[in-house]
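Please read the structure below before turning to the comments.
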Amino acid sequence: MAYFSPEEFATGLSTLPQLTSLMLCFDSPTPPPPSNSTPPPRQARVTLPSLTFLQFRGASEYLEGLVSRINVPVLSTFVTLFNQLSFEIPHLCEFIDLIDALRSPTEVIINPDQRNVQITLTRRGERRCNLGELYLVISCKQLDWQLSSTAQIFSQLSPLLSTVRSLTIEKGKSRSLPTTEEDDVDATQWLELFQPFGDVKDVYVAKEYVQDIAQSLGTVTGDMSMGMLPELSTLTLKGYRKSASVRKAAGLFVATRQRSGRPIGLDG
């Protein structure tokens, strides 16, 4: 089977200035080019002025090679990455920052599913209309892997998250419970996930994840509370009142914020 490197693919795209939609999907991780090949010299980005939709499924290394070589006004981007231990996406971050409609997201939605986790970065106007969206899906099943991968992605996207004011954690359509016997979620994983969101004001958590997240936030004490969602004003834990242990953990976090001079409202 022929292999087209990201460089070759981008060069081919340069002959399609009228292209409006691009979908590039692999069924398995992309094989590397032959080891004896010499990387081509860096060239100017290929501009695709008409492209408004981009969909990619494959390995992050291939995506990095592609987005470092194209420049587009794309409004909607769907990216699915195969599961791997670590993600290095500096070129994807740069690519997002070059697109006006994507560079200043105001909302982030995390949607764990039984097959993958979907991350949505969206920018909405005053009338709640979408101005641009990035959908990033990581193909892995276990919740602890999903959280670890998502935290890695957010850590690298952190320069682009300063405009985010709303963070939502939803239940995936096919995930009936927040955890399964195969999941091994540590409380610190949720806290690590929240770390890059220093400017978020509103956090919403679906009931399926309320217990784990409330218990995690309940461990935040002292100086640690100053760096955990420092601008948070409203925390919505759907259905938290139904469990005494969850009420206690949530109350501990609210009390800690109160003592640190950063009070929050608790809904649910």
Side-chain angles (χ1 to χ4, degrees), residues 5-7 9-11 13-14 16-17 19-24 39 41-82 84 86-111 117-126 128-138 149-168 192-201 229-231:
S5 69
E7 299 85 358
F9 194 80
T11 300
L13 291 176
S14 65
L16 302 171
L19 186 68
T20 60
S21 179
L22 172 62
M23 290 176 283
L24 176 61
R42 175 68 65 177
Q43 298 178 347
R45 287 177 178 267
V46 173
T47 299
L48 302 171
S50 302
L51 193 70
T52 58
F53 177 85
L54 170 64
Q55 181 175 354
F56 173 87
R57 185 181 71 214
S60 61
E61 292 82 1
Y62 196 100
L63 176 66
E64 282 286 288
L66 178 61
V67 298
S68 68
R69 291 171 172 84
I70 60 175
N71 185 27
V72 301
V74 62
L75 295 180
S76 294
T77 304
F78 292 79
V79 173
T80 299
L81 299 178
F82 293 126
Q84 54 195 75
S86 62
F87 294 89
E88 298 293 336
I89 54 168
H91 294 305
L92 178 60
C93 297
E94 181 182 2
F95 176 76
I96 295 171
D97 196 42
L98 290 174
I99 301 174
D100 288 340
L102 297 180
R103 69 158 58 105
S104 300
T106 58
E107 297 183 37
V108 169
I109 302 169
I110 306 170
N111 196 321
V117 55
Q118 177 177 302
I119 304 165
T120 304
L121 279 73
T122 179
R123 176 182 171 189
R124 298 184 184 273
E126 294 180 358
R128 307 290 292 174
C129 58
N130 292 334
L131 302 178
E133 289 188 320
L134 168 67
Y135 299 91
L136 180 58
V137 177
I138 304 171
S149 299
T150 303
Q152 287 187 53
I153 296 295
F154 283 153
S155 177
Q156 295 180 65
L157 290 176
S158 58
L160 305 176
L161 300 179
S162 62
T163 55
V164 175
R165 299 294 180 264
S166 175
L167 174 62
T168 297
E192 183 180 357
L193 192 73
F194 292 141
Q195 200 64 48
F197 294 97
D199 296 282
V200 160
K201 295 185 178 297
L229 301 169
E231 298 301 319

Passing candidate, side chain to side chain contact (heavy atoms under 4.5 Å, CB included) with [X], options [options]:
X    : options              : value
F95  : N71, L66, L54        : L54
L136 : L81, V117, L121      : L81
L134 : T122, I99, T77, T120 : T77

Stepwise side-chain contact (heavy atoms from CB on, under 4.5 Å) test for Q152 and S86: CA-CA 7 Å; Q152 287 187 53; S86 62; 3.7 Å; yes
Spatial distance of atom [atom1] ([X]) from atom [atom2] ([Y]) [nearest 0.5 Å]:
X    : Y    : atom1 : atom2 : value
F9   : I70  : CZ    : CD1   : 8.5 Å
Q55  : S76  : CD    : OG    : 11.0 Å
L167 : D199 : CG    : CG    : 12.5 Å
L193 : S149 : CG    : OG    : 11.0 Å
L63  : L24  : CG    : CG    : 9.0 Å
E88  : E61  : CD    : CD    : 9.5 Å

Between the side chain of [X] and the main-chain N/O of [Y], is any donor-acceptor distance below 3.5 Å?
X    : Y    : result
S155 : A151 : no
E64  : H91  : yes
S50  : L19  : no
R45  : V67  : yes
Q156 : I89  : yes
Q118 : N111 : no

Do [X] and [Y] make a side-chain contact, defined as non-hydrogen atoms from C-beta onward lying under 4.5 Å apart?
X    : Y    : value
F154 : I110 : yes
F194 : V200 : no
T106 : S166 : no

Write down the atom of [X], the atom of [Y], and the distance for their closest heavy-atom approach.
X    : Y    : result
L13  : L22  : CD1-CD2, 3.9 Å
L161 : P196 : CD1-CB, 4.0 Å
P230 : G198 : CG-O, 3.4 Å
S14  : P17  : O-CD, 4.3 Å

Ring centre gap for F78 and F53 strictly below 6.0 Å: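 Yes, ring centres under 6.0 Å apart.
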